[in-house]
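Just so you know, these numbers come straight off a predicted model, no measurement behind them. Just so it is clear: chains get the letters A, B, ... in the order the sequence lines come, proteins before strands, and each one is counted from 1. These values consider heavy atoms only, across backbone and side chains, with no hydrogens, waters or symmetry-generated copies.
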4 protein chains.
Amino acid sequence: MSFNTFGHLFRVTTWGESHGPALGATVDGCPPGVPVDEAALQHWLDRRRPGQNRYTTQRREPDAVEILSGVFEGVSTGTPIQLMIRNTDQRSKDYGEIAEKFRPGHADITYWQKYGIRDYRGGGRSSARETAARVAAGGIARAALARMVPDLRITGYMVQMGALKIDRDRFDAAEIERNPFWTPDATAAAVWAEYLDDLRKSGDSVGAVIEVVASGVPAGLGAPVYGKLDTDLAAAMMSINAVKGVEIGDGMASAALTGSQNADEIAMGPNGPVYSSNHAGGILGGISTGQDVVVRFAVKPTSSILTTRRTITRGGQDTDIVTKGRHDPCVGIRAVPVAEAMMACVLLDHLLLDRGQTGGARGPIG
Amino acid sequence: MSFNTFGHLFRVTTWGESHGPALGATVDGCPPGVPVDEAALQHWLDRRRPGQNRYTTQRREPDAVEILSGVFEGVSTGTPIQLMIRNTDQRSKDYGEIAEKFRPGHADITYWQKYGIRDYRGGGRSSARETAARVAAGGIARAALARMVPDLRITGYMVQMGALKIDRDRFDAAEIERNPFWTPDATAAAVWAEYLDDLRKSGDSVGAVIEVVASGVPAGLGAPVYGKLDTDLAAAMMSINAVKGVEIGDGMASAALTGSQNADEIAMGPNGPVYSSNHAGGILGGISTGQDVVVRFAVKPTSSILTTRRTITRGGQDTDIVTKGRHDPCVGIRAVPVAEAMMACVLLDHLLLDRGQTGGARGPIG
Amino acid sequence: MSFNTFGHLFRVTTWGESHGPALGATVDGCPPGVPVDEAALQHWLDRRRPGQNRYTTQRREPDAVEILSGVFEGVSTGTPIQLMIRNTDQRSKDYGEIAEKFRPGHADITYWQKYGIRDYRGGGRSSARETAARVAAGGIARAALARMVPDLRITGYMVQMGALKIDRDRFDAAEIERNPFWTPDATAAAVWAEYLDDLRKSGDSVGAVIEVVASGVPAGLGAPVYGKLDTDLAAAMMSINAVKGVEIGDGMASAALTGSQNADEIAMGPNGPVYSSNHAGGILGGISTGQDVVVRFAVKPTSSILTTRRTITRGGQDTDIVTKGRHDPCVGIRAVPVAEAMMACVLLDHLLLDRGQTGGARGPIG
Amino acid sequence: MSFNTFGHLFRVTTWGESHGPALGATVDGCPPGVPVDEAALQHWLDRRRPGQNRYTTQRREPDAVEILSGVFEGVSTGTPIQLMIRNTDQRSKDYGEIAEKFRPGHADITYWQKYGIRDYRGGGRSSARETAARVAAGGIARAALARMVPDLRITGYMVQMGALKIDRDRFDAAEIERNPFWTPDATAAAVWAEYLDDLRKSGDSVGAVIEVVASGVPAGLGAPVYGKLDTDLAAAMMSINAVKGVEIGDGMASAALTGSQNADEIAMGPNGPVYSSNHAGGILGGISTGQDVVVRFAVKPTSSILTTRRTITRGGQDTDIVTKGRHDPCVGIRAVPVAEAMMACVLLDHLLLDRGQTGGARGPIG
């Protein structure tokens with residue numbers, strides 16, 4: 001990952017600001033012959049799109065993606081695919097306050113300090129709108145994966161809102177698409193709805209934990225020791241706005257385990273190795289085992305809140321600020337489709353890397 | 001990060017296996033004129049070196065580093081610095097069992113599946129011995145940082161062993177160097193010593209949580225949005241053997257906070273902005289704020305234990321295995337100097353990147 | 001350079017095909033605070049634009065560039081700058097013939113063989129239209145260079161058309177902008193005009209040699225040994241369509257010199273070292289000397305000609321082809337602004353790289 | 001290419017100075033399972049080794065390569081291969097003069113200006129000794145190519161010494177190994193021998209032109225538009241010490257051709273397309289055609305000569321210098337095995353890149 005590009009062979013460069021004319025992604029290294037169309041990409045963008053329910057920002061934009069290059073007669077040509085999304089809801093408003101004051105918890109102050117200039121309109125480049133470009137690029141990655149590894153599935157969902165965790169015994173995959181929180185626990189969804197309504201009314205916000213699982217991942221993906229699959233997944237998730245922690249498999253809880261508890265024992269199954277458990281999250285030594293790849297990450301609460309906070313102006317004066325405007329009380333909700341997209345990009349990239357170096361051959365077992 | 005190289009401008013490529021003739025690091029992009037000598041690097045390596053107390057593996061090697069290039073008359077020339085560490089304690093032994101069986105929790109099975117060949121002697125490339133090369137490279141980074149940002153300090157320490165956490169109220173930085181666990185809590189050190197003795201006797205192992213703090217980091221480091229400082233730190237830490245989770249600032253606990261709790265309010269101090277708290281871990285929008293940069297990560301328990309575990313052979317037969325030999329009951333202990341080294345490498349790399357793009361100028365406040 | 005990106009810190013990714021909706025460049029790593037506007041970029045694009053005289057293709061397009069991101073209130077913000085150029089002259093025509101037949105000398109057959117699909121409309125991605133994006137990106141690089149090194153000048157011109165070379169004794173820099181061939185030799189321009197008219201009428205084409213000189217380049221740019229300034233310049237020029245050879249300084253003619261002839265002797269001048277000659281083209285050991293940086297390259301004749309040539313169809317049948325349509329009899333003419341743009345991008349990139357690693361400090365002489 | 005690394009997936013990082021303890025290459029990304037041993041690498045190094053005849057420097061070193069990692073039981077493991085060559089002939093001598101004076105035509109002055117420090121012993125990092133590491137790495141690439149594309153052959157030879165060119169009608173491939181100049185023209189070899197003896201006696205030197213041909217290269221290698229096969233070959237050759245020009249196919253002479261002369265017409269042969277000629281040097285649009293890949297480059301005369309040249313001291317005083325010591329009168333001779341090595345590295349890298357992106361599938365013809 002380098003500045004605004006991530007990936008090694010499947011490389012995505014995103015561009016654009018919250019309130020500029022457009023934003024998008026330049027996707028390089030896609031295999032040729034992959035069916036790609038705007039409608040399929042739109043499907044994934046619509047999941048991330050704000051304004052769909054009362055728990056996400058009321059900014060209303062179609063987030064319609066245009067394919068400007070790299071696709072011919074419905075399939076990828078192997079050349080760069082340019083994906084552009086016009087910004088349509090650029091409300092004319094007075095930016096005077098946030099132009100002069102640094103919002104606590106936002107990148108306002110650090111962009112200013114680093115660059116000596118910042119596009120303060122809606123956060124500029126540091127806005128979560130950048131993630132729309134990731135979702136579009138992830139749609140390309142999904143289409144390529146669908147051809148190369150048809151059984152691969154990527155599923156993201158919320159497992160914690162504020163201090164409220166789901167009950168894993170109530171896990172129902174079918175439930176994920178049914179509630180506005182992408183959570184597999186219907187009971188949690190009901191509790192969270194009430195909790196979030198209260199928060200929203202009080203002008204406050206809250207954090208969340210998201211989990212993304214990829215099943216059907218072939219064994220052998222990951223390039224030790226600095227291009228490990230978990231290394232790239234950690235980087236991919238940490239690069240998402242507001243993410244403060246990333247876990248693979250048991251994650252931080254691994255610390256409390258003993259070696260005998262943590263061992264994922266191996267037995268021989270009809271189609272190769274099977275494991276008694278998956279504490280490792282599907283990755284050993286940076287390389288996929290063939291088990292589910294499990295990633296989890298925490299999103300901090302939205303920093304734009306109606307509570308007055310102390311801050312300073314660009315001129316160095318102490319002051320305070322209330323961040324009005326359209327904001328998500330739990331920005332973690334919309335991180336679900338973004339994280340799925342990042343997972344897709346990382347897995348495709350590693351499939352290509354592995355095919356490049358090893359030809360995709362595998363050491364036989366049995 | 002790409003295969004065996006990490007970093008953008010300050011680039012470290014490590015090489016070598018546990019039981020080959022040597023291992024090392026090729027360090028490219030070091031600024032010229034940095035005082036570098038083997039004794040200074042050895043200081044850092046000695047901290048990581050095994051066999052120093054009863055809690056780390058009894059493999060005894062001097063881990064003596066040789067500088068083969070890139071240093072002339074005691075200072076770096078700006079050309080690649082080759083650091084080599086000979087492997088001296090390559091006990092002749094029978095590798096028959098681990099050559100044929102895959103140790104659960106180890107990379108044995110994934111290396112075999114990916115490459116169709118593996119150097120099974122001591123884990124080969126996946127051995128934690130690779131981290132000696134990181135520590136040596138980190139010594140170069142520290143020397144460069146000492147010239148460029150003299151006030152910068154990097155301190156790593158253990159904050160949790162198994163389920164036992166330190167008490168932050170007993171935090172005493174001076175204590176870190178006094179106990180074998182690099183922990184700032186003397187009471188915890190005593191408790192852990194007893195706990196680990198029991199574990200070691202029972203042939204089991206346990207995980208840990210390490211925290212690394214860099215103070216004196218200038219504001220403005222980090223290249224959004226895919227070369228964010230936290231993105232690169234997450235990748236750097238996750239690339240260390242056995243790490244399963246990485247946190248910045250409040251990390252996973254951020255999820256449970258509300259926006260009003262999480263805001264690090266800003267005031268104007270005599271030398272620039274000061275913050276009421278540091279939930280963000282010194283990074284906003286991927287760019288350093290000037291506060292302490294705080295990273296935390298979990299190390300899983302050592303997979304080599306004396307408890308019998310079920311596994312399979314390369315031929316696909318079910319069997320079981322006990323991993324004898326010299327192993328750390330808590331491999332997290334030796335991760336402390338490794339993590340400090342990775343922090344140093346990432347910070348230097350971002351100092352150079354930032355100087356390249358912006359010239360190091362800063363937007364003035366006040 | 002990697003797939004569709006070139007540069008290390010100043011990174012340009014181009015995208016788009018000849019007859020798609022648009023093409024452009026994603027420019028990442030530009031220093032912040034550089035004045036950038038569409039009119040200034042348009043100035044450079046207009047020089048490359050076809051249809052300006054009878055010696056370039058009659059395709060008429062405004063090649064109007066739009067800045068979609070990375071610029072705020074007239075200056076660069078340090079974030080990616082997206083430059084888009086709409087394709088407006090996409091004549092509806094029958095592509096049947098070139099869809100089925102491979103044009104000799106074109107990339108038709110190799111794109112097909114590599115990707116199994118090709119956008120045959122106007123050459124698709126392999127069209128020289130891609131170079132419009134380079135010129136736009138080069139305009140950004142020039143603006144940044146103008147701030148960082150105000151005395152730096154980049155001048156490209158044609159020194160040979162077909163077998164007809166200019167007379168260096170008639171070199172007049174002012175002449176370059178006065179003739180359609182960007183040549184400093186007015187007499188050559190007149191001869192070439194007649195020659196090219198004849199070629200055009202006969203439906204044939206011819207090659208050319210272009211020279212690009214950068215004066216005012218600071219000493220110290222270039223990162224030995226694989227990021228040498230001449231290495232990157234060679235790659236930059238060779239990546240331009242139809243280029244078959246690249247020379248630095250005396251280039252291929254160096255082979256015929258003796259060491260005593262080739263030595264550029266050094267003396268001390270009032271402002272540092274001065275050289276008796278510049279056989280080296282301003283680069284020693286991959287690093288700039290402060291003299292003029294001199295690059296020269298050969299462009300092969302346009303492959304699209306009216307002479308019938310033998311070829312095959314995608315189905316493997318022998319056939320022949322005449323490439324009708326709008327084509328430049330000497331595509332080298334339009335390579336001049338493209339090469340200037342590549343020179344600008346490489347020099348800026350190396351300025352940033354050098355500033356990153358060394359801080360821009362210089363070993364003093366005298 | 002970046003600083004001291006070249007290649008995308010097959011990545012070679014070289015390190016070491018002329019008179020340090022050792023030099024070498026860190027080779028990352030080699031496919032697993034490739035037979036690698038020191039004897040085979042030594043074969044290639046012995047071809048480059050100095051002191052073999054009276055036309056190359058009399059520095060006598062065995063240039064013995066040691067493999068320190070990445071090879072197990074005789075085959076590559078897919079992990080980094082460290083190749084080390086000890087410097088044994090580090091004559092103790094007085095470096096006083098070259099420590100203080102800048103040798104014209106050498107990198108002395110530019111290294112000093114860039115870094116403010118230079119290892120002046122034998123040129124330090126800018127010495128042609130660095131190319132020994134390339135030859136060793138090239139030996140790895142050849143071994144991998146031998147497995148992946150058994151029919152691929154790489155042959156380098158000298159086609160011009162000073163102003164004296166070979167006669168292509170006397171081209172005899174078998175002759176290349178029989179004379180000290182690696183030339184296929186026995187008559188030229190005799191003439192050059194006499195010419196070079198005279199030059200050597202007079203303390204002068206001369207340039208040369210080398211050609212490298214790869215036959216059996218599959219169609220489809222090369223990643224347009226900035227990772228073109230010819231772009232990477234141009235960079236690879238230009239990165240070799242003293243190279244001042246690079247040509248693909250007809251190279252600079254392409255400029256003098258008309259389009260009808262330059263067209264390589266295509267016909268259908270029994271095993272796919274066949275071409276009437278190879279002006280293009282086996283590359284169209286940056287992608288290999290399956291024809292011979294032909295690269296040519298000029299090496300300037302050795303700058304170390306016995307003729308007195310004017311120069312300056314580090315203190316800025318005018319002076320003069322005679323470069324005594326052991327030097328090649330035509331350094332181009334030893335560039336032949338180096339260029340073959342670079343060709344091998346580039347071709348392997350592009351085979352892996354292509355396999356990564358496309359899976360190695362090919363659009364069918366016929």
[X] portion near chain A, given a 4.5 angstrom heavy-atom threshold:
| X | value |
| --- | --- |
| B:Ala280 | both |
| B:Ala267 | both |
| B:Ile312 | both |
| B:Thr307 | side chain |
| B:Ile109 | side chain |
| B:Arg118 | neither |
| B:Pro218 | neither |
| B:Thr313 | backbone |
| B:Val209 | both |
| B:Gln113 | both |
| B:Ser288 | backbone |
| B:Gln317 | neither |
| B:Asp230 | both |
| B:Tyr111 | both |

Is the backbone N or O of [Y] less than 3.5 Å from a side-chain atom of [X], with the two atoms forming a donor-acceptor pair by type?
| X | Y | answer |
| --- | --- | --- |
| A:Ser239 | B:Tyr226 | no |
| B:Thr131 | B:Arg134 | no |
| B:Thr358 | B:Arg355 | no |

- Message: Rounded at 0.5 Å granularity, tell me how far CE in A:Met238 sits from CD in B:Glu247.
- Response: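 The CD atom of B:Glu247 is 8.5 Å from CE of A:Met238, to the nearest 0.5 Å.
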
- Message: Please report the interatomic distance CD(A:Glu265) to OG(A:Ser260), rounded to the nearest 0.5 Å.
- Response: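 With rounding to 0.5 Å, CD (A:Glu265) is 9.5 Å from OG (A:Ser260).
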
Best-contacting candidate, [options], against chain B by heavy atom pairs under 4.5 angstrom:
| options | result |
| --- | --- |
| A:Ala263, A:Ala223, A:Gly105, A:Gly251 | A:Gly251 |
| A:Gly332, A:Ala107, A:Gly285, A:Ser254 | A:Ser254 |
| A:Lys300, A:Met161, A:Arg310, A:Lys228 | A:Arg310 |

- Message: Please classify the contact between A:Ile240 and chain B as side chain, backbone, both or neither, with a heavy-atom cut-off of under 4.5 Å.
- Response: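 Looking at A:Ile240, just its backbone touches chain B.
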
- Is the B:Phe102 ring parallel, tilted or perpendicular to the B:Trp112 ring (thresholds 30°, 60°)?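 B:Phe102 vs B:Trp112 ring planes: tilted.
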
